[in-house]
2 protein chains.
Amino acid sequence: MYTFNTALSSADLREASDGSTSPPRDREVALTETQLERIHRYWLAANYLCVGQIYLQDNPLLREPLRAEHIKPRLLGHWGTSAGQNFIYAHLNHLIAEHGIQALYISGPGHGGPTLNACAWLEGSYSEVHPDITRDAEGMRRFFRRFSTPGGVPSHCGPHTPNSMHEGGELGYSLAHAFGAVFDHPDLLAVCVVGDGEAETCPLEGSWKSVRFLNPGRDGAVLPILHLNGYKISAPTVEARMPDASLMELYRGRGYDPVIVAGDELPGMHQRFAAALHRCHMTIRDIQTRARGEGLHEPPRWPIIILRSPKGWTGPKEVDGIPVEGTFRAHQVPLANVRENPAHLAILEQWLRSYSPETLFDAHGAPAADIDALNPLPALRLGASSYANGGRRLVSLDLPEFGNYGLDVPAPGQVVAEAPRKLGEYLRDVMRRNPGNFRVFGPDETNSNRLGAVFDASDRCAFGQTLGIDDHFSADGRVMEVLSEHLCEGWLEGYLLTGRHGMWSTYEAFAQVVDSMVTQHAKWLQQCREFPWRRPIASLNVLLSSHAWRNDHNGFSHQSTGFVDNVLQRRSDVVRVYYPPDANCLLNVFDHCLRSRNYVNVVTCGKQFEFQWLSFEQALAHCSRGASVWDFASNDDGDPDIVLACAGDVPTAETVAAAWLLRKHAPGIRVRVVNVVDLGSLGAPEAQPHGMDHAAFKELFTATVPVVFAFHGSTWVIHSLVHGRANEARFHVRGFSDCGTTTTPFDMVVLNRMSRFHLAIEALKHSDRLRSSTSSVIELFERKLGEHHAYIREHFEDLPEIRHWHWTDDFSEPSTPPPLAKGQPHGQLFTDA
Amino acid sequence: MYTFNTALSSADLREASDGSTSPPRDREVALTETQLERIHRYWLAANYLCVGQIYLQDNPLLREPLRAEHIKPRLLGHWGTSAGQNFIYAHLNHLIAEHGIQALYISGPGHGGPTLNACAWLEGSYSEVHPDITRDAEGMRRFFRRFSTPGGVPSHCGPHTPNSMHEGGELGYSLAHAFGAVFDHPDLLAVCVVGDGEAETCPLEGSWKSVRFLNPGRDGAVLPILHLNGYKISAPTVEARMPDASLMELYRGRGYDPVIVAGDELPGMHQRFAAALHRCHMTIRDIQTRARGEGLHEPPRWPIIILRSPKGWTGPKEVDGIPVEGTFRAHQVPLANVRENPAHLAILEQWLRSYSPETLFDAHGAPAADIDALNPLPALRLGASSYANGGRRLVSLDLPEFGNYGLDVPAPGQVVAEAPRKLGEYLRDVMRRNPGNFRVFGPDETNSNRLGAVFDASDRCAFGQTLGIDDHFSADGRVMEVLSEHLCEGWLEGYLLTGRHGMWSTYEAFAQVVDSMVTQHAKWLQQCREFPWRRPIASLNVLLSSHAWRNDHNGFSHQSTGFVDNVLQRRSDVVRVYYPPDANCLLNVFDHCLRSRNYVNVVTCGKQFEFQWLSFEQALAHCSRGASVWDFASNDDGDPDIVLACAGDVPTAETVAAAWLLRKHAPGIRVRVVNVVDLGSLGAPEAQPHGMDHAAFKELFTATVPVVFAFHGSTWVIHSLVHGRANEARFHVRGFSDCGTTTTPFDMVVLNRMSRFHLAIEALKHSDRLRSSTSSVIELFERKLGEHHAYIREHFEDLPEIRHWHWTDDFSEPSTPPPLAKGQPHGQLFTDA
């Protein structure tokens, strides 16, 4: 006969609650007998529901003896973390109910799905969003059958369970999401359970410092619960093996005030955990009260609970003579071959019955009245919180009239400007009009990316010591600068998932650091579409402004366009990719992004001085179509010899210059220039929901004329998008490949064979009508390339004819560089990264 | 007149060295006057060379008055970190020379290039590998001109400078690389400078715990120097703003024994830093001596230096009335518009002359004799260390005869097996034969990925407390399990870069976590090809064994094939991608990978029970060709109606089953099955160095017959690879797209429209000859799909005819499931992740 670690006699209860032995630390908050029993029984019920999810396809309440056919054919799921998390959830319910707290439960440990499902079912929130999963015996049967079965729910948390605010499959992001959730949510307590496996990931380790960016005067609080159950999959974890004293030192160093609750004895663990939770809550309240009253002069130490409890707590102590509870063997399915092995079937039945399900659920299969009584008031239930379904809280931004921020562009290609400066002014006013609802994140790139105007509206944020020489730096700031793409992305996700708005900007090459995080967020968005009760949230907006084409001196390591390649692997209904070619288009695109919902918007537009092409009105028309013909550069009269297409600011400049060269040197050629802002518009509408229709595509690109396409990123992107369009083989794409050296701006396009000369040569080679008469022009362009290469390696800058070039309608060679647009400051000192 | 923080009078020197004021902490190691002066002058020389790199294109020694034309037209580079790093480098030289240490200098801070260049030039190692950059005036001129100019060297460290062991452009990996470098290098001291900006990245924060995996008995030591200069780009850094007491607590909690050296006063900083360095060295020696003697019973506390020094130390104190030295404004180019602004030109000249270059360099422009005397013995110079050029240390693995590990495959498709088990046995013996030269890394996936046999050769590694219930866990283990893809990748990179061999295995979906790290390593490999003195190193081998097609219950978050998409953006001369379809192919591929050099090898092969197709000898022949026709499944007699191509274990099984279905139900059809192991072999040889020639391609795929290609990953990968092959439009590719739900194995292919039924239908639709006569067969297959869908949602497993199917030469329907291959254990309990 196996014994299970679940028993709690009335004598135990009395003993613990009257404090006659093993007193809780805080005598005054000892749980009463009723409270203790209620929490304990809630915990047992949740444990029972977790075991049921893993094993049962029928006989959910064990009203019949357990038989093989009640067991699922494939046993999947993870028991190891479940009992510990159920324990926390039950106690948190008590705290919420006692104090009327608005809370979020964020489940960090791998495969915490069973807990969140079970507790949402217990509190009724699961049934409210999944009406077929009723809170009765039949609902429980369906609930069990759905877990880890085809078409069902996975063993980690996700959008399907209403008490989850994030996709929990990939470890490491729980804490960053928790902090993002409480920024500007002064009344929110995010209880973030961090698994000791997850605690080994770098994103998680790097998230502890978020506390240095938390302002208790205006933000809510995160209560991390580090759940040490000893093992990841097979191996012990680093922190589980650290002695208590080392853990205390580490977490104090990280800015926290840790309390350790360890053991497996009952009811002592209940009393001590309840006391710890209470104490942490009071500490948080105290910090907030002081910060919101007389003010804090020192950064506070925030509480954290370190819970050491056995892996697979209350499960089989051993199986086939091998220890299981408290070991790595409890990680997943601690008892296998249950259908085939009658002894295992018997253990499973004993295990399930050790929770006494007949006492936990009533005749209908609903939770017993006392268990139900632990659930907080309906609106405060963790699965009913609007914080876990941020779209319910979403308030649209109060956006300024974006037409007021347009850059004065006298004529196409006559002036140069740093495109993001105007966007910075717009964002400044977005921040001013939406205090507490909009933040800007970045790895200390805001100024470098020419968005510095936002500092007129808000400082950089840090809750700590500031010095006189610091630049716009205070605890009240809402520009979140931390040198970590992971934190920028993770905080922003948490901020958006709980119903606010924001953006982050970074280097294009290093955005790849968070490829996988963005993938997980996109998956969350994609799955939410299946659940209408998951209300739309603001899009995740990423601005890549230090891009691969203009890392002139940073060299090879800073060259990659792979971030877009990665997001494009996601479904097109959650991803949008924009390449605004100039300041006014950038403004148009960004305004659109800030109004959009449920997308990942990736906007790539350089921060360096580049040609300005369109007035605000022209940009508005152009961007609203996604792609259009640029008449000023075209002379095709509806019948081009060649289409020069482009997407991206640098490729656009080279394309327009190529058109200029062709018209100057190959008179008679008929050139059409097409610029693409919204990359998805290229896709056939069958494959791409907002792809332009085939008639519109033909109007831009014709059906047969060769297209030389200069693209900011990888060539395969364009080839994939035009797949299915008429005569797709006529698209000759030039894209980016890293070139392993430092360069001048123009040399970079030369090394990528995408300079104006290369594009013009390519156009001539593909233009059937002119091919025979163009060899001398091709020779001229090739000679220029050679001259240029020699010149820059001697003088470190481009040939004057390149530096001075700008568009001329009469194709005369300009002799001076293009001027700066009106009101554009020179590139600022000190901030160029 | 500006003053610069560089002066050190003889009186100062005497005063500091005789200790009459501001005595160093360790009196007994106080620098002598000669030592101090030498270090100080080395530092000034390195600083001078850094400023020169940023500004000068001529007049390198300032032997003429500085004029505008001596200044580069574009000022690029980063001054902020340089002086501090030069300071460390100079002192480290002293330590190396005094104690005869084998050391590596790892530069973590962003844009530390100027320091590594300057110091390599001073020590002569730069000129040895770049003979045109001589150690004289003309060499210095070229050296300056090359920095951050077209075709030159970037402002971060990389392969061009011989004292760098890694690509330094992307922040966060220095510490992981340092630990990887010292594993199994007992005599190596890796001094790892961590910038306070870099310290905010998550990968860096997660790397501190590496010390828990370091065994001083057999491994070398890492001495981290946390260089707090206060700012990242514009914003203060978190750790720079922490008070000393908090920093001490944090680093003690992380397992270190910190010593803080702070200030800017000279020569006090020299004495205190030298004393700290000496003390750390002695502590490390003591730990190692004890560990290698009587043994250590407690994990040691490893030393770390925290150096607080001003950003842009010794640079202009202020410019145009604004403070610069010690502020964020010193980050990059602290003095701009030098050519245009005579006042700035004058400050620059004063700044450069403040170092007294005429005393630092001799008449020829070489370092003065006393400066040269600080350089360690030639072989110990940091730029001459073979540890920084690991290929020089590389010893080929002693590999067992891999034919001995073949799986017994009686006939194609008759048995199932977990492919990696045999690889595990092979790796076990690789570990046994190569102690100290080969490690296996993984996020606790080794056992789960069926490589558990390696534990017969070596334990999991951790230097800490072990318990009786732990499974193969000790300080002597060389299986490095840490739940961090970043650390697995980073440690392995460090291990390989210093001349050893290894691999890591992980989930396919979560390999994306390190997209960007792998990109950086691939860039290092690619650039090294330009420097013949950079000797080839062992390839970075990644095994993706929990792959996207078989995350049956893990669901959506575990589904992505994007890691390969990312590596394929890198150049084909450094990336190889393999999809072995079964155990014997996996063994063949991996043996090849372990023998290869300078590649990133990505091998994807599932861990679940899958069909076994080829005997060891057949697999050898197949893999050596990269792709071949599978005769047993084909009946085309050299003239197929359709080619069914496949890459990846799951797509291969479906493809073979599709061939079986076609031959059973559409008699008369001539089918050819082609399997692709080495993805690159598909590429046209013009674009892909090891692509098969066009004749071989035609022999496999014909020139005109339609090809239905079932691919493990994204469809664009195949389309891109066959671009340029005859009639590429005939390739109809089915690939992976995430399907957002939990599934059975077979349901997964159904949801991706890549099941045997889908492939067979597609083949019939594309086979011109048979199209008219096949509608009833198509109907049959479509009906099967409907039946199947209903069945699994009721029974949670596949239809018996799917579960029982295996290849039959007479096309009879098998009535029992395929048996396990001989000697294959059942899937182990507890370890399936």
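All chains are named by letter (A, B, ...) in the order of the sequence lines, taking the proteins before the strands, and each is independently numbered beginning at 1.
For B:Arg241, the parts sitting under 4.5 Å from any heavy atom of chain A are the backbone and the side chain alike. For chain B, the nearby part of A:Phe473 is the side chain; its heavy atoms alone come within less than 4.5 Å. At a 4.5 Å heavy-atom cutoff, A:Ala462 makes no contact with chain B through either its backbone or its side chain.
Side-chain contact between A:Ser516 and B:Glu485 is absent, with no heavy atoms from C-beta onward closer than 4.5 Å. Residues A:Pro745 and B:Arg74 are in side-chain contact: their nearest non-hydrogen atoms beyond the backbone lie under 4.5 Å apart. Contact of the B:His486 side chain with the A:Pro203 side chain is registered, since non-hydrogen atoms from C-beta on lie closer than 4.5 Å. The shortest distance between side-chain heavy atoms of A:Leu250 and B:Arg254 falls below 4.5 Å.
At distances below 3.5 Å, at least one donor-acceptor pair connects side-chain atoms of B:Gln520 with backbone N or O atoms of A:Ser557. One N or O on the side chain of A:Arg145 and one on the backbone of B:Glu794 form a donor-acceptor pair closer than 3.5 Å.
Aromatic ring orientation, A:His156 versus B:His558: parallel (interplanar angle below 30°, classes split at 30° and 60°).
Note: B:Leu483 CG to A:Ile233 CD1 = 6.5 Å, rounded to the nearest 0.5 Å. The distance from atom CZ of A:Arg146 to atom CZ of B:Phe796, rounded to the nearest 0.5 Å, is 10.5 Å. Within the model, atoms CD1 of B:Ile469 and CD1 of A:Ile322 stand 12.5 Å from one another, a figure rounded to the nearest 0.5 Å.
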>> Between A:Tyr231 and B:Asp444, does the side-chain contact (heavy atoms from CB on, under 4.5 Å) criterion hold? Intermediate values first, please.
In response: CA-CA 10 Å; A:Tyr231 295 86; B:Asp444 199 7; over 6 Å; no
> What's the verdict on side-chain contact (heavy atoms from CB on, under 4.5 Å) for B:Phe510 and A:Leu171, showing C-alpha distance, side-chain angles and the deciding distance?
Replying inline: CA-CA 9 Å; B:Phe510 304 146; A:Leu171 302 187; over 6 Å; no
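The pair B:Lys209-A:Glu205 meets the salt-bridge criterion, since a charged nitrogen lies less than 4.0 angstrom from a carboxylate oxygen.
Checked against A:Trp716 for a side-chain contact (heavy atoms from CB on, under 4.5 Å), the options B:Gln569, B:His719, B:His723 give a single hit: B:Gln569.
With sequence neighbours left out, the side-chain contact (heavy atoms from CB on, under 4.5 Å) criterion links A:Thr519 to A:Lys523, A:Asn566, A:Arg570, B:Gln512. Listed by chain and residue number, A:Ser207, A:Leu487, A:Trp491 satisfy the side-chain contact (heavy atoms from CB on, under 4.5 Å) test with A:Ala176 (two or more places apart in sequence, or in another chain).
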